[in-house]
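Side chains are part of it too, since the values below use all heavy atoms of this structure and drop only hydrogens, waters and symmetry mates.
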Amino acid sequence: MTAPASPPRPVPGLLLRLAAPLQSWGEHSHFNDRDTLSFPTRSAVTGLLAAALGRPREHPLDDLADLHVTVRVDRAGSRLRDFHTVGGGLSGQQTVVTADGGRRSGGTATLTSTRWYLADAAFTLALTRPDQTPPPPAWARALQAPRWPLYLGRRSCPPTGPVLLGHSTDVLHDLLCLPLTRARSAADVTVLFLSDRPLTALATCEESVNSDAGEEHSSVLDVPLSFAPHRRRYRARPLYRRTLTLPGTQCTGYGIEHLNALAAYTSAAYTPAHHQPAACQGSVT
């Protein structure tokens, strides 16, 4: 008889909530075409943490670039295309500056660009360190009181509600059990998880919809090596996907209703509802 597999070792980490009317997570954005992926990129999350800590773009990323990021897609949102024009109808001394320091002529003054956003999306993230040690307390303090304003991919995308949910002693467990930003549902729901490492440690009482948790799904060019202006560099990393079935009663609506449910989960007095696995008790502080 095969011995049952031992439960995964608890891993400490930080839990983040990224929700806003608009978000944008570019991977190949250049000049006039600004794309967005369907989930927060590791480079954007690293930049968000660096901004909270008050670090300039030239600051080394040695202690941030190797973060592990696991994303729970609470609400996928919808893609929104925004068409921009810049510089039209201006006089010669007000038109767009050229690379050599001059000004565009009247006939070429108008520049166009296409920018993509995710509208009405919401994500819950688990941040962990590669050696599975707790993140520095300074990170949580900075996310609670950021040195510079935080935004979700672009400056025009401020977050709604708190970004930091708290520190967890078993962050993947809480990533599974935290209330979902979805309309209340009596039926079970399927939830997508994305990570830069295999998602075999995620486990529920239900079988997963797909069984490729340990197989690399694709790759993403979003690991930052430098944020320095004119010297930004990135490298690729693997992307793993897993879709799990979670109780519909874990969906707690939107707005203040959902924020109250999150506050209840992180409370020491929290008691899981009868339909949830007994193990789903908050360990967030």
Side-chain angles (χ1 to χ4, degrees), residues 7-19 23 25 39-74 122-153 159 161-179 193-203 220 222-227 234-235 237-240 262-263 265-268 270 280-285:
R9 174 188 172 189
V11 178
L14 297 179
L15 287 161
L16 275 58
R17 175 180 179 270
L18 304 184
Q23 307 181 36
W25 310 107
F39 55 90
T41 60
R42 191 158 134 184
S43 59
V45 174
T46 303
L48 184 145
L49 183 53
L53 291 165
R55 297 184 179 181
R57 291 185 177 274
E58 297 81 5
H59 195 284
L61 297 174
D62 299 345
D63 62 330
L64 301 180
D66 60 353
L67 280 174
H68 285 313
V69 180
T70 303
V71 178
R72 188 185 76 179
V73 182
D74 287 27
F123 306 93
T124 305
L125 275 62
L127 302 187
T128 55
R129 305 183 77 182
D131 58 3
Q132 298 188 356
T133 57
W139 292 5
R141 291 196 299 267
L143 290 168
Q144 286 180 316
R147 174 65 177 81
W148 293 326
L150 305 182
Y151 50 88
L152 306 190
V163 169
L164 178 70
L165 296 178
H167 172 270
S168 172
T169 56
D170 192 351
V171 73
L172 294 182
H173 160 86
D174 284 317
L175 188 65
L176 275 173
C177 298
L178 274 164
F193 292 81
L194 304 156
S195 185
D196 45 22
R197 55 182 172 170
L199 288 162
T200 51
L202 287 175
V220 189
D222 71 345
V223 178
L225 302 177
S226 171
F227 284 141
Y234 304 88
R235 66 173 173 81
R237 54 99 174 176
L239 178 67
Y240 297 87
L262 287 173
Y265 184 93
T266 59
S267 168
Y270 174 77
C280 275
Q281 185 162 352
S283 59
V284 185
T285 57

To the nearest 0.5 Å, what is the distance between [atom1] on [X] and [atom2] on [Y]?
| X | Y | atom1 | atom2 | result |
| --- | --- | --- | --- | --- |
| Leu194 | Thr41 | CG | OG1 | 12.0 Å |
| Leu164 | Leu125 | CG | CG | 11.5 Å |
| Thr124 | Asp74 | OG1 | CG | 3.5 Å |
| Ser43 | Leu225 | OG | CG | 10.5 Å |
| Thr46 | Phe227 | OG1 | CZ | 5.5 Å |
| Asp170 | Leu172 | CG | CG | 7.0 Å |

Expected output: side-chain Asp196 to main-chain Val69 donor-acceptor under 3.5 Å: yes

Under 3.5 Å: donor-acceptor pair, side chain of Arg17, backbone of Leu262: no

Side-chain contact, heavy-atom cut-off 4.5 Å: [X] with [Y]?
| X | Y | value |
| --- | --- | --- |
| Leu64 | Arg55 | yes |
| Thr169 | Pro10 | no |
| Phe123 | Val73 | yes |
| Arg141 | Pro136 | no |
| Phe39 | Leu239 | yes |
| Tyr240 | Thr200 | no |
| Thr70 | Arg72 | no |
| Leu49 | Leu53 | yes |

Taking all atoms of both residues into account, what is the closest heavy-atom pair of [X] and [Y], and its distance?
| X | Y | result |
| --- | --- | --- |
| Pro224 | Tyr234 | CA-CD2, 3.6 Å |
| Leu48 | Leu150 | O-CD2, 3.5 Å |
| Trp25 | Gly153 | CZ3-N, 3.7 Å |
| Pro149 | Tyr151 | O-CD2, 3.9 Å |
| Pro134 | Pro12 | N-CG, 3.7 Å |
| Gly13 | Thr128 | CA-CG2, 4.2 Å |

Passing candidate, side-chain contact (heavy atoms from CB on, under 4.5 Å) with Leu16, options Leu165, Val71, Leu143: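 So the option named by the test is Leu143.
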
Under the side chain to side chain donor-acceptor pair (under 3.5 Å) test, residues paired with Arg237 that sit two or more places apart: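 In terms of side chain to side chain donor-acceptor pair (under 3.5 Å), with neighbours along the sequence ignored, Arg237 is linked to Asp222.
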
Worked check of side-chain contact (heavy atoms from CB on, under 4.5 Å) between Leu14 and Val171: CA-CA 7 Å; Leu14 297 179; Val171 73; over 6 Å; no

